[in-house]
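I have placed the structure first, in the form of structure tokens, so that the comments after it can refer back to it.
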Amino acid sequence: MGKSDDEEARLAALQRYEILDTGPESEFDLITDLLRSIYAVPLAVMSLIDGDRLWVKSVQGGERREVPRCDTFCDVTIRGKKVLQIVDAQSDPRYRDNPYVRGEPGMRSYLGAPLTTPDGYNIGTLCVIDTIPRDYTSVDREVLANLAKLAVIHLELRLQATEDQQTSASTRRAFLSVLRRAMERMRRASQNSTLVTFDLDHLRDINETYGHAFGDVVLATVARTIRNTIRRGDHLGRLGGEEFGIFLEGAAPDVALRVTERLRQAIEDTRFPGHPEARVTASFGIAPCSLHHATAEAWVAAADELVRSAKSAGRNRSEMILDPDREGAGSALRLH
């Protein structure tokens, strides 16, 4: 079955769009509104399938919410390549005991098309649901499949607006949005998470020695090294020039320190195409989330202050604030 079996890569493809747990967006609401009108159904949904949940991005005729993916027809849909049609779930032995058939909303018919990314992963569905049996035509299935392709086009356009084209990291604006959502979650759940920012050392010297085109190669290669080293669920953003940020989801300070040292060493060990003799290092600032950080920008500024301290101390090192909840603590742990 090829890519449909690679759940880890499928989830990575979904995470790339950074759309889970975001608010309503008119482009997707327009598509589900069209679905409900075209098919004259009580319920039209755009869903995204995470590791253990189905999360509703857009819905007409119901509420935006999430449910366990295990019992959903959409989970069946993403395991195939074609539109899934269920004419009458109550008379189909495969589906008649499904909790959404036996209980609310009393589903009888279902038509769902996978949202297939350009690299072939099914990350969610567009579907229409009715409480009466419906036998859809081949034209109905084709229209739904085309609207699913349109939804993916909007996802790609959305991604382009939030992705730095040179390094494939999130743009500064998109990265700050990630931090804001994370701060809201952490205030509700008191979860540990850490922001790391870093700045490449002496990139100007690289540009002057090898040319700006090679400097661009260095930026792209370093970003790729970071993406290959961080965990799934962590986020890399380009904050400007040669400055980057990494949000370490759920990472306590001791874990963040180990991860950061691994990243620092990975950058130091990186070799670049065309100039294997070239070397680059980076200086890191590690800022665990604190109630003192009123905004995402303040959180970034706290980490950037540590980066400047690391550079002043000799570069190619990491600094972490020891008491993030005490303003002006001034004490930091410095590692080479």
Exercise. Roughly how far, to the nearest 0.5 Å, is CZ of Arg53 from CZ of Arg65?
Worked result: 13.5 Å

Do you know the tightest heavy-atom contact between [X] and [Y]?
{"X": "Ser193", "Y": "Trp299", "value": "O-CZ2, 4.1 Å"}
{"X": "Ala223", "Y": "Leu236", "value": "O-CD2, 3.6 Å"}
{"X": "Ser109", "Y": "Arg134", "value": "OG-CG, 3.3 Å"}
{"X": "Pro276", "Y": "Gly274", "value": "CD-C, 3.7 Å"}
{"X": "Leu179", "Y": "Ala296", "value": "CB-CB, 3.8 Å"}
{"X": "Ala169", "Y": "Arg227", "value": "N-NH1, 4.3 Å"}

Side chains of [Y] and [X]: any donor to acceptor distance under 3.5 Å?
{"X": "Asp304", "Y": "Thr197", "answer": "yes"}
{"X": "Ser47", "Y": "Thr125", "answer": "yes"}
{"X": "Gln85", "Y": "Asp140", "answer": "no"}
{"X": "Tyr110", "Y": "Thr77", "answer": "yes"}
{"X": "Asn316", "Y": "Arg264", "answer": "yes"}
{"X": "Tyr95", "Y": "Gln90", "answer": "no"}
{"X": "Gln60", "Y": "Thr32", "answer": "yes"}
{"X": "Thr225", "Y": "Asn228", "answer": "no"}

I'd like to check [X] versus [Y] (side-chain heavy atoms, cut-off strictly below 4.5 Å). Are they in contact?
{"X": "Asn207", "Y": "Phe214", "result": "no"}
{"X": "Thr229", "Y": "Arg262", "result": "yes"}
{"X": "Arg10", "Y": "Ile78", "result": "yes"}
{"X": "Arg279", "Y": "Phe272", "result": "no"}
{"X": "His154", "Y": "Ile31", "result": "yes"}
{"X": "Met320", "Y": "Leu306", "result": "no"}
{"X": "Lys81", "Y": "Thr116", "result": "no"}
{"X": "Ile267", "Y": "Ile226", "result": "yes"}

Could you tell me whether [X] and [Y] have a side-chain N and a carboxylate O separated by less than 4.0 Å?
{"X": "Glu261", "Y": "Arg258", "result": "no"}
{"X": "Arg173", "Y": "Glu163", "result": "no"}
{"X": "Arg79", "Y": "Asp75", "result": "yes"}
{"X": "Lys311", "Y": "Asp201", "result": "yes"}
{"X": "Arg172", "Y": "Glu297", "result": "no"}
{"X": "Arg36", "Y": "Asp33", "result": "no"}
{"X": "Arg180", "Y": "Glu184", "result": "no"}
{"X": "Glu25", "Y": "Lys57", "result": "yes"}
{"X": "Arg69", "Y": "Asp50", "result": "no"}

For this session: Give a yes or no on whether the ring-centroid distance for His235 and Phe175 is below 6.0 angstrom.
Result: no

For this session: Carefully, step by step, assess Asp21 and Arg64 under the rule salt bridge (Lys or Arg N to Asp or Glu O under 4.0 Å).
Result: CA-CA 10 Å; Asp21 302 310; Arg64 277 168 40 95; over 6 Å; no

Exercise. So, Arg238 side chain and Gly241 main chain: donor-acceptor pair closer than 3.5 Å or not?
Worked result: yes

Exercise. Among Leu14, Leu150, Thr117, Ile123, which one satisfies side chain to side chain contact (heavy atoms under 4.5 Å, CB included) with Leu155?
Worked result: Ile123

